[in-house]
Amino acid sequence: MKFFIDTASLSQIKEAQDLGVLDGVTTNPSLMAKEGISGEDRVRRHYVDICNIVDGPVSAEVIATDFADMVREGEELAALHPNIVVKVPMTRDGVKALKHFSGKGIRTNCTLVFSPGQALLAAKAGATFVSPFIGRLDDVSTDGVALIESIRTIYDNYSYATEILAASVRHPMHIIQCAEVGADVATCPLSAITALFDHPLTTIGLEKFLADHRKAASVKA
Ligand code: G3P
């Protein structure tokens, strides 16, 4: 399973990149706003800065909501850098735009997906990635990971190439559950990725190995 980081913070992206397990980045307008990035030029420069850190797909979301403007904006975003994936919302115009981009060889990420039917439409329109928001489903007492499982079954039944990108991942167990049910990608906060490293028995075991090594070395001396 690929790991993407879900942030627009350059410092967090660099930190995740340094871990050696990062495959890509997702952003959205809320994450850009959180970093204080606004204005078309500034936002676009920020996407290029991200692309220069991570050699993998970087999702850049269109702000436009109608087909013609989504196409114009998406084509401009895609021209910024070869790593850019155009992120498009799951709407009627969005699905038309996915089909258009797919025909032009522009990679896409269909965002704000909350049902198997929406995921089926995204795959039929040729989306490169589909983003089911599992945390937001959990927030309304609906099983987010079960949605990933359902999409996996549908895509496998028809050999759709669209990759399932689990989004709105909140904690390390979400990552494990997504891996168990066959998500292709999980896009995660840095805290959820780094939490995977830690286990108290690893810490205790390493301390003991090193203590035994020091003991043996002092006996020998
Ligand atoms: O990848 C989508 C993500 O940014 C939404 O996450 O935590 O706002 O539901 P969250």
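Whatever order the structure lists ligands and atoms in, that order sets their numbers, starting from 1. What you see below is based on every heavy atom in this structure, not just the backbone, and it leaves out hydrogens, waters and symmetry mates. Model, not experiment: these values are computed from the prediction.
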Note to self: If the cut-off is 4.0 Å to any non-hydrogen atom of Phe133, which atoms of ligand 1 fall inside it?
What the structure shows: 2 (C), 5 (C)
Next item on the list: Any atoms of ligand 1 less than 4.0 Å from a non-hydrogen atom of Asn28? List them with their elements.
Entry: 3 (C), 4 (O)
Next item on the list: Please determine if Asp49 and Arg45 form a salt bridge, counting it only when a charged side-chain N lies under 4.0 Å from a carboxylate O.
Entry: no
Item checked: Electrostatic pair Asp212:Lys215 at N-O distance under 4.0 angstrom -> yes
Next item on the list: Specify the closest pair of heavy atoms between Arg44 and Glu73, including all atoms of both residues, with the distance to one decimal.
Entry: NH2-CG, 3.8 Å
Note to self: Tell me the contacting part of Val169 for ligand 1: side chain, backbone, both, or neither, using a 4.0 Å heavy-atom threshold, strictly below.
What the structure shows: neither
Among all protein non-hydrogen atoms, which one is nearest to [atom], and what is the separation to 0.1 Å?
| atom | result |
| --- | --- |
| atom 7 (O) of ligand 1 | Arg170 NE, 2.9 Å |
| atom 6 (O) of ligand 1 | Ser168 CA, 3.5 Å |
| atom 4 (O) of ligand 1 | Asp6 OD2, 2.6 Å |
| atom 5 (C) of ligand 1 | Arg136 NH2, 3.5 Å |

Next item on the list: Please list, chain by chain and in numerical order, all residues satisfying ring pair (Phe, Tyr, Trp, His ring centres under 6.0 Å) with Phe3, sequence neighbours excluded.
Entry: none
Check: Can you check whether Thr128 reaches Asn109 side chain to side chain, under 4.5 Å on heavy atoms?
Finding: no
Notebook entry, point to check: Taking only residues at least two apart or on different chains, which pairs with a member in residues 84-117 satisfy ring-ring contact (aromatic ring centres under 6.0 Å, His included)?
Noted result: Phe114-Phe133
